[in-house]
There are 2 protein chains.
Amino acid sequence: MIEAALRILDDQGLPNLSMRQLAESLGVRPGALYWYFDSKQALLADVSRRILAPMYSATVEGDSLHERALRTGVQLRDCLLAYRDGAELVSSSLALGLVVSPVHTKLGIDQQKPEDQHPLVLTAAEAVTHFVVGFTFHEQQRTQAEALGVTGAADDITPQAVANSSPAQGGEFRSVLELICHGLQTLEPSP
Amino acid sequence: MIEAALRILDDQGLPNLSMRQLAESLGVRPGALYWYFDSKQALLADVSRRILAPMYSATVEGDSLHERALRTGVQLRDCLLAYRDGAELVSSSLALGLVVSPVHTKLGIDQQKPEDQHPLVLTAAEAVTHFVVGFTFHEQQRTQAEALGVTGAADDITPQAVANSSPAQGGEFRSVLELICHGLQTLEPSP
DNA sequence: ACCTGAACACCGTTCAAGT
DNA sequence: ACCTGAACACCGTTCAAGT
């Protein structure tokens, strides 16, 4: 079900991921989907969580906060780039409050000692989350626009060409993320 | 035209700002709008620019880069909060590349000496833009959800109640923005 | 130059009724 | 428990034809 939705997302993009398309790809009528999901947004939230799933299985190394934040941000971007329109989809699910940012859990709750951490840590997670999602959203849109510009036709872009995109942008992304995370050093407890 | 669109946006929210609704409010048939705009996205881009317009008339004081960045970020949030769903609308226009971030122009082009500034300044503008838009998007959504929760009914929320919202969130917003802008001090030329 | 009429190809969601 | 049939109330966009 979620897998079928992910396939449509990757093949046809978010605007074409409709309840009717999904139903058809499952050999079922549109109304049937409402036995499993309350609404399309609920379905999209589940898809978002699946896209973010790799964040939870992978552990993040690094002893300083700003180092872990940096690695987490990079990980998040990788997840979003793995599917077409991944950033746009996750962006809206996050904004609607239907999905919690994996950056929050990784930087906050994952810690062994939840008491003695700086109160601004979660707040810093917000900064990283919003920047990464926003940047990747913009980046992914540009990449797809380019892909359309080159081929002319609108439908023969392979998911891979879009997903494995933009090693070019990687550098800029990293340097800004480092800039943000640099600010976190001031919150660091004495190591 | 744009004014009519802004009124629908503020009264009914982004999901109800359709070409058909807009046409009706202008006493015209939907097709007529396509004589003025190539597409709905182009119309929404113009609306976004109108929402961001106050950014261009107001000048930003402050001699250090990180101080100007901070003030610009606060200004941007104010613009987005001035209309219902303002952040969501501007977020997508920015991502689609149909609108340029006012933060970029304020921190970069506005300067008298465009040559001798750090190459990371524009890059820093990205960080501020993405954070502010993402944060405000999330914030605006929460505020509206609350408003719905309190009244129960879906339609009797005044635009003002939504627009003038969340002095509560203001503190958190500011501290994270300060965190980001703090990183900019490292780029500062010697004052 | 500006707009209508009318169509085309879609949407999300609900809900009685079937199995 | 799970799904269909069929409807309800919408969409964005195009384009001949009117004025």
Side-chain angles (χ1 to χ4, degrees), chain A residues 1-49 84-85 88-93 95-99 141 144-145 148 152-155, chain B residues 1-49 84-85 88-93 95-99 141 144-145 148 152-155:
Chain A
M1 195 126 210
I2 305 293
E3 280 79 12
L6 276 173
R7 207 159 35 239
I8 294 178
L9 180 68
D10 224 5
D11 290 351
Q12 340 248 50
L14 186 57
N16 295 307
L17 174 46
S18 63
M19 296 302 260
R20 296 177 114 97
Q21 276 286 321
L22 178 57
E24 194 184 5
S25 90
L26 292 169
V28 106
R29 292 299 142 98
L33 297 176
Y34 288 84
W35 197 90
Y36 298 97
F37 298 98
D38 282 351
S39 66
K40 188 188 181 181
Q41 276 304 338
L43 183 253
L44 293 182
D46 275 5
V47 176
S48 295
R49 275 184 282 265
R84 212 223 274 210
D85 292 335
E88 181 175 8
L89 172 54
V90 169
S91 165
S92 91
S93 292
L96 293 174
L98 302 174
V99 162
Q141 215 75 42
Q144 283 168 204
L148 285 184
D155 282 288
Chain B
M1 195 126 213
I2 304 293
E3 280 78 12
L6 276 173
R7 206 157 38 238
I8 295 179
L9 180 68
D10 224 5
D11 289 351
Q12 341 247 49
L14 186 57
N16 296 307
L17 174 45
S18 63
M19 297 301 262
R20 295 176 115 99
Q21 277 287 322
L22 178 57
E24 194 184 4
S25 90
L26 292 168
V28 106
R29 293 298 142 98
L33 297 176
Y34 288 84
W35 197 89
Y36 298 96
F37 298 97
D38 282 350
S39 66
K40 187 188 182 183
Q41 275 305 337
L43 183 255
L44 292 183
D46 275 6
V47 176
S48 296
R49 276 184 282 265
R84 211 222 278 209
D85 293 334
E88 180 174 7
L89 171 54
V90 170
S91 166
S92 91
S93 291
L96 293 174
L98 301 175
V99 162
Q141 213 76 42
Q144 284 169 205
L148 285 183
D155 282 288

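Order of the sequence lines fixes the chain letters, A, B, ..., with proteins taken first and strands second; residue numbering starts at 1 for each chain.
A sub-4.0 Å separation between OP1 or OP2 of C:dC3 and a side-chain N or O of B:Tyr36 is present. Proximity of A:Tyr34 to the phosphate of C:dT13: a side-chain N or O atom is located under 4.0 Å from OP1 or OP2.
C:dA9 sits 24 Å from D:dA9 when the P atoms are compared, rounded to a whole Å.
Remark: B:Ser18, B:Met19, B:Arg20, B:Gln21 in residues 14-29 of chain B come within less than 4.0 Å of DNA chain D through at least one heavy atom.
For the atom pair A:Glu3 CD and A:Leu26 CG, the distance stands at 10.0 Å (nearest 0.5 Å). A:Gln41 contributes atom CD, which lies 5.0 Å from atom CG of A:Leu96 (distance to the nearest 0.5 angstrom).
Pairs of Watson-Crick or G-U wobble type, with distances under 3.5 Å, assemble into runs of 3 or more in DNA chain D at these ranges: C:4-8 with D:12-16, C:12-16 with D:4-8.
Not counting sequence neighbours, the partners of B:Glu24 by the side-chain contact (heavy atoms from CB on, under 4.5 Å) test are B:Gln21.
The two residues A:Met1 and A:Leu22 have their closest heavy-atom pair at O-CD1, 4.0 Å. When all heavy atoms of B:Ala23 and B:Arg29 are compared, the pair lying nearest together is CB-C, 3.8 Å. For the pair B:Ala45 and B:Ser93, the tightest heavy-atom approach, listed with the atom from each and the gap, is CA-OG, 3.8 Å. The minimum heavy-atom distance between A:Leu33 and A:Met19, with the atom names listed, is CD1-O, 3.2 Å.
One atom, CG of A:Asp38, and another, C1' of C:dT14, lie 13 Å apart when rounded to the nearest Å. Protein atom CD of A:Gln41 is 14 Å distant from nucleotide atom C1' of C:dC11, rounded to whole Å.
Although no hydrogens or angles enter the test, the distance criterion places a donor-acceptor pair under 3.5 Å between the side chain of A:Arg84 and the main chain of A:Asp11.
In this structure, of D:dT13, C:dG12, C:dA1, it is C:dA1 that holds the atom nearest to the side chain of B:Trp35.
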